[in-house]
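My questions will all concern the structure given below.
All values below come from the heavy atoms of this structure, side chains included, with hydrogens, waters and symmetry mates left out. Throughout, protein chains are lettered first and strands after them, A, B, ... in sequence-line order, and every chain is numbered starting at 1.
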There are 2 protein chains.
Amino acid sequence: MVVSEGAVDLRQLEYFLAVAEELSFTRAAHRLHVVQSGVSASIKSLERDVGAPLLDRSSKHVRLTDAGARLVPQAYAVLEAAQRARDAVAADDGELSGTVRLGTMTSVRLLDVPAILGSTTAATRACSCS
Amino acid sequence: MVVSEGAVDLRQLEYFLAVAEELSFTRAAHRLHVVQSGVSASIKSLERDVGAPLLDRSSKHVRLTDAGARLVPQAYAVLEAAQRARDAVAADDGELSGTVRLGTMTSVRLLDVPAILGSTTAATRACSCS
DNA sequence: ATCTCTTACGACGAACGTAACGATG
DNA sequence: CATCGTTACGTTCGTCGTAAGAGAT
C-alpha cells in the first residue's frame, strides 16, 4: 500500500551529479547558479524519493554513499538520454547526432562547453555569467 | 541569448508516451489516472519546452508529428534510464538487474506489469484502482 | 447530440532566494 | 572564527481537479 512514487526529477539528478563531482554543496551550488539551500533541499528530496541516503555529510568532507556511487553512472545516463530526446525533436537534418554525441559525457557541464563549441541548439543554452 | 531552458520533466515524457501509444488524450488520461485537462496541459508544456509541436490534434484523430515520432524512442530511453537509476540505489544484491531488464521495454505500463510480477520494489508502485 | 480536446479557475504543493542557526576544523 | 551544510519563512510558479467552451462526426 505504500506508494513510493519514485518521483525522481531531472533537476534533482543534475544537482546530485554536480555535488558528486565537486564533492561540495557550495561549489555545486555555485556552478548551478543557485544557492546552497536549494541544492541541499533538492538532494534531500532526491534521497527521500529514492529511499536511501546518497551523500555522507559527516564533518567537512562530503562523500558518496554506496547507493550514491551506484546512482552516479545511471544519473549520467538519464541526463544523457534527456539531452538526446531534446535534440531529437530539433533534428531537421541528420547532422545533429554528432552534436549530441559530443555532449553526452559532458552533459553536466552544459553551461560552458556548448558556448565554446558554438553549436546552434546548444548555443541557446549558453548563459553569460561571471 | 535566448535561454531555451529545456526543462523537460519525466512526467511530461510519461504522459507523452501514453498519448503516443493510445493516440488519444482521453484514453491516455484514463490509463494515467489523471483528467484529460492535465494531460493536455502537460503535453502543451512539453511542446513549449522542446520548442516544437509533437502531436497533430486535427479533428478526431490524434497523430504524431515528425518531431513527435522522433521523440518517442528517445522518451522511452529516458524513462528506461530513470527506472534503472531508481533501481540502482536499491540494489543491495546483484539479482535486481534482472528485474530492471524485464521492465525496460514496458516501463510505461508500470502500473499493471509490476503488480503481476510482484517484484519487491516494483510492487510498491502498484496501485489498486478500478 | 455526443465525443474529444482546450481553456478558465481556485487550490495545493514544489522550488527558489533571503536569512538565521548549528557544527566542524 | 571562518566555512560549510541545514532549517525557517515568504514568494512565485507549476500542476492538479472541477467545470465550461469549441470543433467535428
Exercise for review: Would you mind reporting whether A:Tyr76 and A:Leu13 have side-chain heavy atoms less than 4.5 Å apart?
Suggested key: no
Review point. Under 4.0 Å: is that the gap between some side-chain N or O of A:Thr26 and OP1 or OP2 of D:dG5?
Key: yes
**Study point:** Distance in angstrom units between B:Leu32 CG and D:dG17 C1', rounded
**Key:** 15 Å
Point to revise | Qualifying residues under salt bridge (charged side-chain N to carboxylate O under 4.0 Å, His left out), relative to B:Arg57, sequence neighbours excluded | key: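 Checked B:Arg57 against salt bridge (charged side-chain N to carboxylate O under 4.0 Å, His left out); matches are B:Glu47.
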**Study point:** With A:Arg27 via salt bridge (charged side-chain N to carboxylate O under 4.0 Å, His left out) - residues at least two apart
**Key:** A:Glu22
Point to revise | A:Arg27 CZ - D:dG5 P separation (whole Å) | key: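 After rounding, the reported distance stands at 8 Å.
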Check your understanding: When you check the phosphate oxygens OP1 and OP2 of C:dT6, does a side-chain N or O of B:Ser40 lie under 4.0 Å from one of them?
Key -> yes
Check your understanding: Taking OP1 and OP2 of C:dT6, is either one under 4.0 Å from a side-chain nitrogen or oxygen of B:Arg57?
Key -> yes
Review point. Which whole-number value in Å describes the distance from B:Phe25 CZ to C:dT4 P?
Key: 13 Å
Practice item. Spell out protein contact along nucleotides 14-19 of chain C as letters: B when the base is contacted, S when just the sugar-phosphate is, - when no protein heavy atom is under 4.0 Å; keep the 5' to 3' order. Key: -SSBBB
Point to revise | CG-CZ distance between B:Leu10 and A:Arg11, expressed to the nearest 0.5 angstrom | key: 11.5 Å
Check your understanding: Between atom CD in B:Glu47 and atom P in C:dC5, what is the gap in whole Å?
Key ->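 Checked: the CD to P distance equals 13 Å.
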Review point. Atom CG of B:Leu10 and atom P of D:dT15: how far apart are they, to the nearest Å?
Key: 13 Å
Check your understanding: When the distance from CG of B:Leu46 to P of C:dT6 is rounded to whole Å, what number comes out?
Key ->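 Rounded to whole Å, this separation is 13 Å.
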**Study point:** Integer-rounded Å distance: D:dT15 C1' and B:Ile43 CD1
**Key:** 14 Å
Study note, to complete from the structure: Taking every heavy atom of A:Ser45 against every heavy atom of A:Gln12, the minimum-distance pair comes out as OG-NE2, 2.7 Å
Practice item. Nearest whole angstrom, please: distance from the C1' of C:dC5 to the NE2 of B:His61. Key: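 Rounded to the whole Å, the gap is 14 Å.
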Check your understanding: Which residues pass the salt bridge (charged side-chain N to carboxylate O under 4.0 Å, His left out) test with B:Asp56, sequence neighbours left out?
Key -> none
Check your understanding: B:Ile43 versus B:Leu54: any side-chain heavy-atom pair under 4.5 Å?
Key ->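 A side-chain contact is absent here, since even the closest heavy-atom pair is not under 4.5 Å.
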Point to revise | For A:Gln36, side-chain contact (heavy atoms from CB on, under 4.5 Å) partners two or more places apart | key: A:Thr26, A:Ala29
Practice item. Assign a letter to each nucleotide of nucleotides 20-25 of chain D from its 5' end: B, base within under 4.0 Å of a protein heavy atom; S, sugar-phosphate only; -, no contact. Key: ----SS
Study note, to complete from the structure: Scanning both residues in full, the closest heavy-atom pair of B:Tyr15 with B:Val39 reads CD2-CA, 4.1 Å
